[in-house]
Amino acid sequence: MIITLKDGSTKEYDNPVTVYEVASDLSEGLARMAAAGEVDGEICDLRTVLDKDCSLQIHTYQDEAGLAAYRHTTSHVMAQAIKRLWPDAKLAIGPSIANGFYYDIDREGGFVPDDLGKIEAEMKKIIKEGFSLRRFTLPRNEAIAFMKEKEEPYKVELIEDLPEDAQISFYEQGEFTDLCAGPHLENVKPIKAFKLTSLAGAYWRGSEKNKMLTRIYGTAFPKKAQLDEYLTMLEEAKKRDHRRLGREMGLFMMHDAGPGFPFFLPKGMLLKNALLDYWRDIHLRNDYVEISTPVILSRTLWETSGHWDHYKENMYTTVIDGEDYAVKPMNCPGSILVYQQEPHSYRDLPLRYGECGLVHRHEKSGELHGLMRVRCFTQDDAHIYMTREQTKDEIKRVARLIDEVYKLFGFQYFVELSTRPENSMGSDEDWELATDALRDALDEMGLEYIVNEGDGAFYGPKIDFHLRDSLGRTWQCGTIQLDFQLPQRFELEYIGADGEKHRPIMIHRVCFGSVERFIGILIEHFAGAFPAWLSPVQVRILPISEKYMDYARTIKDKLVDAHIRTELDERSEKIGYKIREAQNAKIPYMLVVGQKEEENGLVSVRLRHGGDQGQMDPDAFIAQLKEEIETKRLPDARVE
């Protein structure tokens, strides 16, 4: 038996061996740090037996897969602790997730935050007891009977959904046994640093028709220092929470009259419009033309596009004059109608339509989250119609545009190539051509990327851009989707150089993704301290007393005439209080005016967090600030 390792080297064995035995054979240090294996691309336990030729990778606690096994085992320890403390609690699911794990629990009366400390204490006892984990399987009917005996109805339901001939996997540690496919650590002893972080409601299987369970979130790291660093980041994230800052800064609000439908307040509209002005500027420079399409369109359109069959559960529908209509969840069918309204020649292509269109999608109430997950949002769409020969160059052109946008805000990002999902339409040939075009464009640009199998749109593969914010969190925003299907379904045409009719290729793409969500990300990325060009209020004028109010108004008029967003603090408060208030409002520049400033025709300039910058001529200050705004320069300290 030949085992091929990650570096291409091989190991030969005459008899079956476990993944752990191979790790031990390679080095004692590797065996000590090993948490999981990967055999022929499948993540598995260290206890997995190898009995034929295969490829093998050993994952340690430092790898994503190894850390996932570590956290998954911690979730089982948490479930065991809960069952010890509250034997009548019913277990649902408890996977590892990015940065941690959770378990959904059904318990009469639910849980309160004080319960988390009790659970943690019991978890420490379990870890100290040092249980080994044992995996075993049962036929489906025996597995159902086993879980019924343990009075775990949610586990029974999960098993009943599996094929009748399935062998059902369980893991046992001490007195506790859980339905699970794994992988897991071999023993609970390596779990050194963990913390239960929060409680939330979660519908069983994500459906509002099912019972609401309690989801207990936690995280775990191999070292306490790593846990402490992560918990510090969480505390910083709470301070930057866009919902709190949005309320305090007067940017947006939510209301029970429209759950998931955000209201932008005056300062929020200033921010949103500044962002859209930039969007229009960069698209004008890249030869896009802007269009606007209706919010409500007929059912027949959505049937032709495929959304009625593939996306209807996420759409809002209505009846007009006895006919079915839908509120648009996407802008693409409207863009197609614009393309169809006149004939096109190959000389017109590529044709780039940009649209900041308001779309509506039904999200479950339990998944709504500030601006990050809403039911209506402005999508900064563009749809590009092109010939097959132009495809690769257009993909690269879009990728460069997205790169320019993210760099402006100081974001780093990584790229995923998402391939054909199960619920898709179109031929194998078209999907292969589209996927190869995206892959070739990424390769030619030298962009590293991860392949995300089966996560494409139902009409085509896509490139997703995941940006990383100032706290290291990642967000999926930009996307490039290549589509052979909608041009066929709508019978789009152009006249080629040969005088014959041809079918164009279509790109769907966004930079911000959802403008609302992007604003939420920016609020947290900058902690509300936006660059001057984006800040809703760029300057606040602070008169020392009422005596200097007329001079302050003169300065304000100058700034407003220069198209600088300015406020005048006319309150009868002490100047120190006014300065603190302006700093708390995260206004980039404060201009203090008093007797000396009025006598000399100057202003005293203060920065948001940089303190007193001395006196300046108002015209010189305006010229300096205008240059900062026009170049969209980030502050010296990007996140203040």
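All values below come from the heavy atoms of this structure, side chains included, with hydrogens, waters and symmetry mates left out.
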Which residues share a ring pair (Phe, Tyr, Trp, His ring centres under 6.0 Å) with Tyr346, sequence neighbours left out: none
Side chain proximity check, Cys477 to Arg517, heavy atoms < 4.5 angstrom: yes
Candidate list Val560, Ile629, Ile587, Leu270, test side chain to side chain contact (heavy atoms under 4.5 Å, CB included), partner Arg565, passing option: Leu270
Audit row: Gln488, Asp430, side chain to side chain donor-acceptor pair (under 3.5 Å) steps and yes/no: CA-CA 11 Å; Gln488 291 180 16; Asp430 282 346; 2.8 Å; yes
Positive for salt bridge (Lys or Arg N to Asp or Glu O under 4.0 Å) with Glu355, one of Lys328, Arg509, Arg280: Lys328
Between CD1 on residue Ile384 and CG on residue Leu351, distance to nearest 0.5 Å: 9.5 Å
Residues Arg420, Glu432: salt bridge by 4.0 Å N-O rule: no
Partners meeting side chain to side chain contact (heavy atoms under 4.5 Å, CB included) with Glu500 (sequence neighbours left out): Asp498, His502
Arg439 bridged to Asp436 by N-O distance under 4.0 Å: yes
Donor-acceptor contact below 3.5 Å, side chain Asp380 vs main chain Gly513: yes
Those residues that, when tested against Ala181, pass side chain to side chain contact (heavy atoms under 4.5 Å, CB included) (two or more places apart): none
Interatomic distance, Thr300 atom OG1 to Trp308 atom CH2 [nearest 0.5 angstrom]: 10.0 Å
Check: Arg473 side chain, His525 main-chain N or O, donor-acceptor pair, under 3.5 Å: no
For the student: nearest non-hydrogen atoms of Ala532 and Tyr589, plus distance: CB-CE1, 4.5 Å
Heavy-atom check, side chain of Val451 versus side chain of Thr419, under 4.5 Å: yes
Smallest separation among heavy atoms of Met249 and Lys267, with atom names: O-CD, 3.7 Å
Short side-chain to backbone donor-acceptor contact, Thr566 and Val539, under 3.5 Å: no
Tyr102 six-ring centre to Arg215 NZ/CZ under 6.0 Å and within 45° of normal: yes
Test of ring centre spacing under 6.0 Å for His369 and His242: yes
Side chain to side chain contact (heavy atoms under 4.5 Å, CB included) between Tyr325 and Val319, intermediate numbers included: CA-CA 6 Å; Tyr325 282 74; Val319 176; over 6 Å; no
Under 3.5 Å donor-acceptor, Glu516 side chain and Thr378 backbone: yes
Side chain proximity check, Glu64 to His59, heavy atoms < 4.5 angstrom: no
Contact summary for Pro259 and Leu368, nearest pair of heavy atoms: C-CD1, 4.0 Å
Rounded distance (nearest 0.5 Å) linking atom CG of Leu67 with atom OG of Ser96: 8.5 Å
From Leu401 atom CG to Ile282 atom CD1, the distance as rounded to the nearest 0.5 Å: 4.0 Å
Ring geometry between His283 and Tyr288 (parallel below 30°, tilted from 30 to 60°, perpendicular above 60°): perpendicular
Residue Glu429 excluded, over 12 heavy atoms near CD under 6.0 Å: no
Nearest atoms (heavy-atom pairs only) where Ser207 meets Tyr203: O-CB, 3.0 Å
With sequence neighbours excluded, residues passing side chain to side chain contact (heavy atoms under 4.5 Å, CB included) with Pro294: Leu297
Within 6.0 angstrom of Gln412 CD, more than 12 heavy atoms from elsewhere: no
Heavy-atom side-chain contact between His344 and Pro504 under 4.5 Å: no
Residue pair Leu482 / Ala434: nearest heavy atoms and the distance that separates them: CD2-O, 3.4 Å
Derivation of the side chain to side chain contact (heavy atoms under 4.5 Å, CB included) call for Asp241 and Glu524: CA-CA 6 Å; Asp241 190 316; Glu524 298 194 359; 4.2 Å; yes
Over all atoms of both residues, closest heavy-atom pair of Lys462 and Asp455: CE-O, 3.1 Å
Ala562 backbone acceptor or donor facing Lys626 side chain under 3.5 Å: yes
Plane angle bin for Tyr230 and Phe221 - parallel if under 30°, tilted between 30 and 60°, otherwise perpendicular: tilted
Heavy-atom check, side chain of Arg347 versus side chain of Ile495, under 4.5 Å: no
Passing option when Val327 is tested against His362, Met315, His360 for side chain to side chain contact (heavy atoms under 4.5 Å, CB included): His360
Point-to-point distance, once rounded to the nearest 0.5 Å, from CD of Glu628 to CZ of Arg633: 4.5 Å
Heavy-atom side-chain contact between Leu271 and Ile519 under 4.5 Å: yes
Side-chain donor-acceptor pairs under 3.5 Å in residues 333-343, sequence neighbours left out?
unit_1	atom_1	unit_2	atom_2	d
Ser335	OG	Tyr385	OH	2.7
Tyr339	OH	Glu493	O	2.9
Gln340	NE2	Phe490	O	2.8

Pro536 side chain reached by Phe530 side chain, heavy atoms, under 4.5 Å: yes
Spatial distance of atom OG1 (Thr387) from atom CG (Asp348) [nearest 0.5 Å]: 12.0 Å
Under 3.5 Å: donor-acceptor pair, side chain of Asp63, backbone of Ala65: no
Between side-chain atoms of residues 402-411 and protein atoms elsewhere (two or more places apart, or another chain), which donor-acceptor pairs fall under 3.5 Å?
unit_1	atom_1	unit_2	atom_2	d
Asp403	OD1	Tyr413	OH	2.7
Asp403	OD2	Lys407	NZ	3.3
Glu404	OE2	Arg285	NH2	3.4
Tyr406	OH	Gly478	N	2.6
Tyr406	OH	Cys511	O	2.9

Candidate list Phe518, Phe465, Trp475, Phe377, test ring-ring contact (aromatic ring centres under 6.0 Å, His included), partner Phe512, passing option: Phe518
Note: Glu38-Lys6 ion pair, threshold 4.0 Å (strictly below): no
Aromatic centroids of Tyr353 and His383 separated by under 6.0 Å: no
Audit row: Asn314, Arg375, side chain to side chain contact (heavy atoms under 4.5 Å, CB included) steps and yes/no: CA-CA 10 Å; Asn314 297 104; Arg375 287 172 169 161; over 6 Å; no
Expected output: side-chain Arg361 to main-chain Pro329 donor-acceptor under 3.5 Å: yes
Arg397 bridged to Asp287 by N-O distance under 4.0 Å: yes
